[in-house]
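Below, chains carry the letters A, B, ... as their sequence lines are ordered, and counting in each starts from 1.
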Amino acid sequence: MLVANRGEIALRVIRACHDLGLRAIAVYSDVDRDALHVRAADAAYPIGAAAPRDSYLNAARIIEVAKRARCDAIHPGYGFLSENADFAQAVVDAGLVFVGPPARVQRLLGEKTAARRLARHVDVPVAEGTEPLRDVAAARAAANEIGYPVLLKPAGGGGGKGMRVVGRDQDFDAAWRGATGEATAAFGAPALYLERQIARARHIEMQILADGQGKVVWLGERDCSIQRRHQKLIEESPGPSVSENLRAKLGAAAVRIAERAGYVNAGTVEFLVDANGEFNFLEVNTRLQVEHPVTEVVTGLDVVALQLRIAGGEPLPFAQEEIVRRGAAIECRITAEDPLAGFTPASGLVALVREPAGPGIRIDSALFSGMAVPSEYDSLLAKVIAWGSDREEAIGRMRRALEEMRVAGIPTSLPFHRAALFDQEFITGRYDTEFVARWAARKTADLSDGTAAAAALAAVLAQRSRTERRALARADDPWSRAGREDALR
Amino acid sequence: MLVANRGEIALRVIRACHDLGLRAIAVYSDVDRDALHVRAADAAYPIGAAAPRDSYLNAARIIEVAKRARCDAIHPGYGFLSENADFAQAVVDAGLVFVGPPARVQRLLGEKTAARRLARHVDVPVAEGTEPLRDVAAARAAANEIGYPVLLKPAGGGGGKGMRVVGRDQDFDAAWRGATGEATAAFGAPALYLERQIARARHIEMQILADGQGKVVWLGERDCSIQRRHQKLIEESPGPSVSENLRAKLGAAAVRIAERAGYVNAGTVEFLVDANGEFNFLEVNTRLQVEHPVTEVVTGLDVVALQLRIAGGEPLPFAQEEIVRRGAAIECRITAEDPLAGFTPASGLVALVREPAGPGIRIDSALFSGMAVPSEYDSLLAKVIAWGSDREEAIGRMRRALEEMRVAGIPTSLPFHRAALFDQEFITGRYDTEFVARWAARKTADLSDGTAAAAALAAVLAQRSRTERRALARADDPWSRAGREDALR
Amino acid sequence: MRYEVTLDDRRLRVDLAGDGRFTIDDRVVAADVREIVRGRQWSIVLEGESHEITVVTHDPLRLDVDGRDVHATVSDERTLRAGRGAVGTRTGRVELRAPMPGLLKTVHVNEGDTVERDAPIVTLEAMKMENELVAPIRGRVTKLNHRSGTKVEGGAVLAILVAE
Amino acid sequence: MRYEVTLDDRRLRVDLAGDGRFTIDDRVVAADVREIVRGRQWSIVLEGESHEITVVTHDPLRLDVDGRDVHATVSDERTLRAGRGAVGTRTGRVELRAPMPGLLKTVHVNEGDTVERDAPIVTLEAMKMENELVAPIRGRVTKLNHRSGTKVEGGAVLAILVAE
């Protein structure tokens, strides 16, 4: 098995291979040589420079490596080549197995307006919207017809990249230009379409699995409403606003769409649910998703292992009614972003890491002390997943886990996540997709006198330690050089 | 809540407190100042020198700290004061809550031959054996009557400490002396009794919970047969040899004993099961056990949180029939012992740690890089727990986890665990309490040419690096001193 | 040595005596201090309470205090005497730096503009995302070092603001 | 520099050239070597295969090679020329050391005794357990340094054996 990805998801797929006793082959760009996925794999091949197009998006090179290393199959992870139908086809043409939906399914569902038509065809409600738009003038006219606010979305791909909410007519042209640029960069296709923006909506998605024999099952939903710029920050399952009835409806709708599309392997059908529980189909993600562990810990199923079995031609080993969901799970995506400075991405050396552990905690992470976080890729560093027998227990454990976690050297999203888990909207489960936008960046920590004294003392010691080491680093022997590197982390 | 313990179990209890939003107070001996349990707690108090009797066994000092820190309750963990009835009573007398069975229950069940009588009284089969023995002559006579091999056991306490298997009459006197000494050291009571040794038996134990309102439930069994000198090394649930029928019988027997004893809080009833599935009662452990996580991940229940709720007077929030076991779990106890040198205990600096993570893996550990493992305490460093939807998946994940794990600086039991997970007896689930004794210490790693080349190269680089650093360390500035410390780890 | 420390909006005076004792706001404090990771992490038991403090970043100084996030500055008596404290907090002069290498997509202000706190100053494209860098204080933009469309290094000073 | 390395029962010759290249058993090997943790952990990609080697203990040298446990010894050409390799492996003289501080409960042998491999030499009480230390080789006990009932430090040489 060749794993055509990096970071935590590459490690996740390698672990699935090793859990099944399979060999796992990693690929890496020049800046990822020391990464955990390279060290965890049985074999590892360099595939080019740091820029994604030179390495992790270099389909030809990756297929060449797979053949050289005598792999049978390629798992694309998420992002990069995972929703690239041409890549899926090229893998098959090279005589290898592609772990994911076949190119035909990816083409059909990857064109977002075609997917909307398909959903409508099987009686799944779809948000009011347009076909791909010819030009900015046609788009503006459509926007005025639908009524502001509207959502500009790339027709060529999903996942939130290149999306823009437009609130009023005079902002439309700038948004169009920005979205066109990002859509081209992300999917190589500038085409955009419009959807009506639904206020205070929740982003609910349904995990599905389909085998090559035409059997499709749904595993349960995830509420992914806590997003910033359509990038998810917290996901949970079950959705706190989702009734048993709505869950069954979303599951059935997802299965209808998948069956109609001739879906094979794992996928996610995304919906927007409004305050009244009315739902609209958004899109299908034809790949493994970042947040799949939330479903795994609730169902006890290993989605990646099942992907491998399905890709190997095995039928699904269980029926819909055998899937049992238990308890509640929450995932926090710890990213190299500074929530106290508008979520600006950070890169640099990770000087220290301590990941939480203990009851109910799962960690999917690529972090290690001494790791250099490159600036070329997605900012996801680690996922903390907390399970509890109910949502309250899961929240308690997640709070504790976030409090235990330490990452030093670069800023991370931890301050956001720590605050979010104590946010009244989150606690009551009554949040929506505007949660992060409403989140007031900076709350002052309310420190007791003793805590403040200890913190002040440590601040002074840190300052002194740094000054001393800088002075020492002027002497130029190997030790002081090593010391300097430590100090400057 | 004051946590009167150290190591991973102190951290486990602190986590349970924090999961519930409770304050946790740690205590520490002189050598544990930097330990994770001290850093994770909200407050921490020194209680004396390294030797257990000066610190973690110093009941008066611990109760004094609990009152000074205004705690409401004390959790004793396992070992140390956890099965000391006088301590349980002293805690209550000081106006605090003892998290565990009351002194009366501990006294009743702590006297092992009294517990055997109680079990017989409620029609639970008990292994052939004696009352406490007056002297070595009486003991030898009893042993000859029962027939060799026999088991010499301390009447004053369980957990495998001070136990001796005696195979023949001429070894009896030496075994008696050794067991008397260890029993006195461990429990302050020299009394011993005899049991018939059951060949190829399995050690199966049943986890129970009892609330203050008289409700008792059983959570499921653990197979703990993989032991060395009666110290468990691997535990799993469900027991691979335990039928649904036997499980129900053991559960019912455990509940009968607990009810008869007026049991309150968590406990474990231990049985020996022979090759025909016939079972005999062994003893009750009136405390939380090391291996409780195995039951937690299978049932989804938090045994420590439930201990706290029960101690707070709450009734058990579920009925027997609501307890659902799912999948299979295995725990490996990673100890500071060298299995390649007869499991000799090790102490010293931990230079590097990497703990496994990912799907199905839970870690309960007190390890960190730079940790000094003291020689005064139990050698347990970390517990790796793997869950799978079936035993095969759990084994696959555990193998992978053990392969991922790194501990450097001191030898650990990892080589044993790694080998055991590939042992045919373990794979088929047909092991018994003699597994470790039969385990041939040293298997030569079968390295491929490439792996051997890489290992040889690293060995040379390690040697050079060490030699160079030693040379550098002769210069005496602060950096080289720090370097020397690193190098000598 | 005397230091002035700020923690978010709180100010404390720390005196380190030569004998290793120290006072905080002129009160002698009994603390057991252990450096767990050199220059990065300390465990401090202070009047029974157990604290773990980790330096998340040095510049700006961000601390993780028992799992809570705190902004800090430290000024020693020499810099205090010289009339200036940590960068930005006393002089009122703040540098806006690129948090990472990237492409300066847009500069939203002109030199001389007065901007509100959190007003967008520049848009930096990095990690496949557009990132708006905002004004950390209300103030006047006294310097803009780069034009739109230029690539900038991580740490490059993009703008200088002076508090108003 | 030339080294002789043993890995369990396998023997390899490693030559490190001044230019950073190296040969193993006279075969030039293309390897990408990275030191991940100073003096402790290396990542080596060798002909496509990815290996991670960690030094578990230095003395004796125990390696973790991709999650497998390997005993190793390293002798450089100087010690090879001098006719002696790693302690115990070539001279046949082995020191039995206390793995940790403890009480020497029993000494099971006398000086001059010849013992089988794995025969008990002493019983050391430590960590609340009695630990039997066994003979690592078949050989003659040439020295016993401590009597029963004495406390010994970690690392103390308890006995010396010479291979027979």
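- Taking CZ of C/Arg62 as the start and CG of A/Leu414 as the end, the distance is 11.5 Å to the nearest 0.5 Å.
- Annotation for C/Leu63 and A/Ala459: closest pair CD1-CB, 4.1 Å, computed over non-hydrogen atoms.
- In this structure the side chain of C/Ile53 never reaches within 4.5 angstrom of the side chain of A/Leu461, judged on heavy atoms.
- With a 4.5 Å cut-off on side-chain heavy atoms, C/Glu35 and A/Ser465 count as touching.
- For the pair A/Ala456 and C/Val14, the tightest heavy-atom approach, listed with the atom from each and the gap, is CB-CG2, 3.8 Å.
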Problem set entry | Worked check of side chain to side chain contact (heavy atoms under 4.5 Å, CB included) between A/Val407 and C/Val56 | CA-CA 7 Å; A/Val407 183; C/Val56 176; over 6 Å; no
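- Judged as a salt bridge (charged side-chain N to carboxylate O under 4.0 Å, His left out), the pairs with a partner in residues 138-148 of chain C (not counting sequence neighbours) are, in order, C/Glu116-C/Arg138, C/Arg140-C/Glu164.
- Across A/Asp338, A/Thr412, A/Leu402, the residue that shares the most heavy-atom pairs under 4.5 angstrom with chain C is A/Asp338.
- Sorted by first then second residue, the ring-ring contact (aromatic ring centres under 6.0 Å, His included) pairs that include residues 401-420 of chain A, not counting sequence neighbours, are A/Phe343-A/Phe416, A/Phe416-A/Trp439.
- Of the charged side-chain nitrogens involved, none lies within less than 4.0 Å of a carboxylate oxygen, so that A/Asp446 and C/Arg10 do not count as a salt-bridged pair.
- With values rounded to the nearest 0.5 angstrom, A/Gln463 atom CD is found 7.5 Å from C/Tyr3 atom OH.
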Exercise. Hey, mind stepping through A/Leu457 and C/Val29 against side chain to side chain contact (heavy atoms under 4.5 Å, CB included) and telling me if it holds?
Worked result: CA-CA 10 Å; A/Leu457 186 54; C/Val29 172; 5.9 Å; no
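- Counting heavy-atom pairs under 4.5 Å between each of C/Asp25, C/Thr54, C/Val45 and chain A puts C/Thr54 at the top.
- Taking the side chain as every heavy atom from C-beta outward, A/Thr451 and C/Asp66 approach each other to under 4.5 Å.
- Between the side chain of C/Arg40 and the backbone N or O of A/Ala462, no donor-acceptor pair lies under 3.5 Å.
- Neither the backbone nor the side chain of A/Ala185 comes within less than 4.5 Å of any heavy atom in chain C.
- For the residue pair A/Ala455 and C/Val65, the shortest heavy atom distance occurs at CB-CG2, 3.8 Å.
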For this session: Check the pair C/His71, A/Leu340 against side chain to side chain contact (heavy atoms under 4.5 Å, CB included), reporting the backbone distance first and the verdict last.
Result: CA-CA 10 Å; C/His71 277 250; A/Leu340 307 181; 3.7 Å; yes
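- Using a cutoff of 4.0 Å between basic side-chain nitrogens and carboxylate oxygens, C/Asp64 and A/Arg418 are scored as salt-bridged.
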For this session: Apply side chain to side chain contact (heavy atoms under 4.5 Å, CB included) to the pair C/Gln41 and A/Arg406, showing each step before the final yes or no.
Result: CA-CA 10 Å; C/Gln41 193 170 55; A/Arg406 300 284 178 275; 3.9 Å; yes
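- For the atom pair CG of A/Asp449 and CD of C/Glu49, the computed distance is 11.5 Å after rounding to the nearest 0.5 Å.
- For C/Val55, the parts lying near chain A are the backbone and the side chain together; criterion is any non-hydrogen pair under 4.5 Å.
- Among all heavy-atom pairs drawn from C/Thr57 and A/Gly409, the shortest one is CG2-O, 4.0 Å.
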